[in-house]
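Here the structure is laid out as structure tokens; the discussion comes afterwards.
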There are 2 protein chains.
Amino acid sequence: MKLSEAKTSADSSAASVSDRKAERRLAMIATAARLFARDGYADCEMESVASELGVAKGTLYLYFRSKEELFCACVDQGMRELQETVQQAAQGSIAPFDRISAAIRAYLLFFEQHPEQAELLIQERAFFHDRPKPTYFTYREASRERWRVVWAELLSGGSIRDGLTVDQILDFIGNLVYGTMFTNHFLGRSAGEQHALIMDIFYRGIWSDAQRHTGE
Amino acid sequence: MKLSEAKTSADSSAASVSDRKAERRLAMIATAARLFARDGYADCEMESVASELGVAKGTLYLYFRSKEELFCACVDQGMRELQETVQQAAQGSIAPFDRISAAIRAYLLFFEQHPEQAELLIQERAFFHDRPKPTYFTYREASRERWRVVWAELLSGGSIRDGLTVDQILDFIGNLVYGTMFTNHFLGRSAGEQHALIMDIFYRGIWSDAQRHTGE
DNA sequence: ATAAAATGACTGACTGGTCAGTCAGTCACC
DNA sequence: GGTGACTGACTGACCAGTCAGTCATTTTAT
């Protein structure tokens, strides 16, 4: 849908001016995210984004100060959607292990359905690597607090073996899904079957019972 | 060391012309890798690389066709060194589990000691993402064959529990160390203590014995 | 009801700075 | 005086960001 049409249709509704602006902003972000991911930050011209939207380049600068700001808005929007998706998936279950499993599944599926978001995370680091911390990790740490209580419950309930701390577990699973997500993205793999395997090894390890007794 | 000095010292030895060329090529790659990682591919000017080496820009073009080729040489050289480092670490042990543990430790330490290599992997994807597959994954798949036999041995020896295939295990551990490496890199974490934890959860899982019996 | 004026969203040709890559020229050494 | 490694000023392409101008819509005046 062209922005110009969006404007016309919005006119007929009772949407306020600021609503319409926010709506257009989102449309710009969605298109820009796709093109940034497809062409890369450097090769994606503002002119292209504008023409894809059916507006002139100057219009983009009425909504975003600079190319960089537009890009950051794309990353931020993507991470917010990821967070929401994962949180909603987790809320579908009560049992802690089910919540965890659902969240990880939702995480992997999100990037499978929005591969451009994986690409944007790479682009961000590549072009703005003077920043203290990638946006992804800011969001990861924010959600950490929420998950800490879930794991603490499992730990105190005796479901987790001795010698492991909540932070160690959070680091492990965080790194695992992060690596899995990127590998899936680069090699075009699907997250579906993988998910069960990941949880299986994460919960039970790879050792046989015989090896467990020799190993410790 | 300036290239010009390298040349003089090489002259006094019995090094052939092609040896000297290869040596200078490596010096260029080392410097370029550092600057590409520090400034990013786009912001790293050929002029800077040249002046850091104490040569003129034109000289770089006597050794590399283009900026892109120089960059690729950096990535390739880095991956070759990674492979060699990991392989050598693995050769220090005989027992399969020890070899695996040593290899993973060496892998994480390599990127800790050569953070520019992690950065180059990101830059590669960001700037040349039309390529079919990142160099990293080409090397990862090449080394996969070597590790497959190690795991097959463990599997047939009864050390691994039923229901897991070699490929599943290779994927899991590959994704885990990949994610851990990048997280360490971005958050400035050290691989030392982590290594033991990773292997522990990978081998034994997080479940307590009580949970293992309920869960299956 | 009609015209005139004000508004502000949108446009797109243009500018200024950037930098990869070139090549005619230099120079050290044989 | 021949060779070839090295130089660095120069060029041409590129593109983010600008801003004077256009036009549709709303407001005010008559």
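A note on names: the letters A, B, ... follow the listed sequences, proteins ahead of strands, and every chain is numbered from 1. Values in this document were obtained by computation on a predicted structure and should not be read as measured data.
In this structure, CG of Leu62(A) is placed 9 Å from P of dT11(C), rounded to the nearest angstrom. The CG atom of Leu53(A) sits 17 Å away from the P atom of dA9(C) (whole-angstrom rounding). To the nearest angstrom, C1' of dG17(D) lies 13 Å from CD of Glu69(A). Remark: P of dC15(D) and CG of Leu70(A) are 16 Å apart, rounded to the nearest angstrom.
The ring pair (Phe, Tyr, Trp, His ring centres under 6.0 Å) search around Phe110(A) returns His114(A), not counting sequence neighbours. For Glu124(B), the side chain to side chain donor-acceptor pair (under 3.5 Å) test picks out Arg131(B), Thr135(B), with sequence neighbours left out. Annotation: side chain to side chain donor-acceptor pair (under 3.5 Å) contacts of Arg146(A) (sequence neighbours excluded): none. For the side chain to side chain donor-acceptor pair (under 3.5 Å) test, residues two or more places apart in sequence or in another chain that qualify with Asn184(B) are Gln194(B).
Using a 4.0 Å heavy-atom criterion, one finds that Tyr63(B) contacts the sugar-phosphate atoms exclusively.
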Under 3.5 Å, N/O pairs linking protein and nucleotides 19-24 of chain C:
unit_1	atom_1	unit_2	atom_2	d
dC19(C)	OP2	Glu45(B)	OE2	2.9
dA20(C)	OP1	Lys67(B)	NZ	2.8
dA20(C)	OP2	Met46(B)	N	3.2
dA20(C)	N7	Lys57(B)	NZ	3.0
dG21(C)	OP2	Tyr61(B)	OH	3.0
dG21(C)	OP2	Lys67(B)	N	2.8
dG21(C)	N7	Lys57(B)	NZ	2.9
dG21(C)	O6	Lys57(B)	NZ	2.6

For residues 89-100 of chain B, tabulate all N or O donor-acceptor pairs below 3.5 Å that involve a side-chain atom, not counting sequence neighbours.
unit_1	atom_1	unit_2	atom_2	d
Arg99(B)	NH1	Ser93(B)	O	3.3

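One finds a salt bridge joining Arg125(A) and Glu119(B) here, because a Lys/Arg side-chain nitrogen approaches an Asp/Glu carboxylate oxygen to under 4.0 Å.
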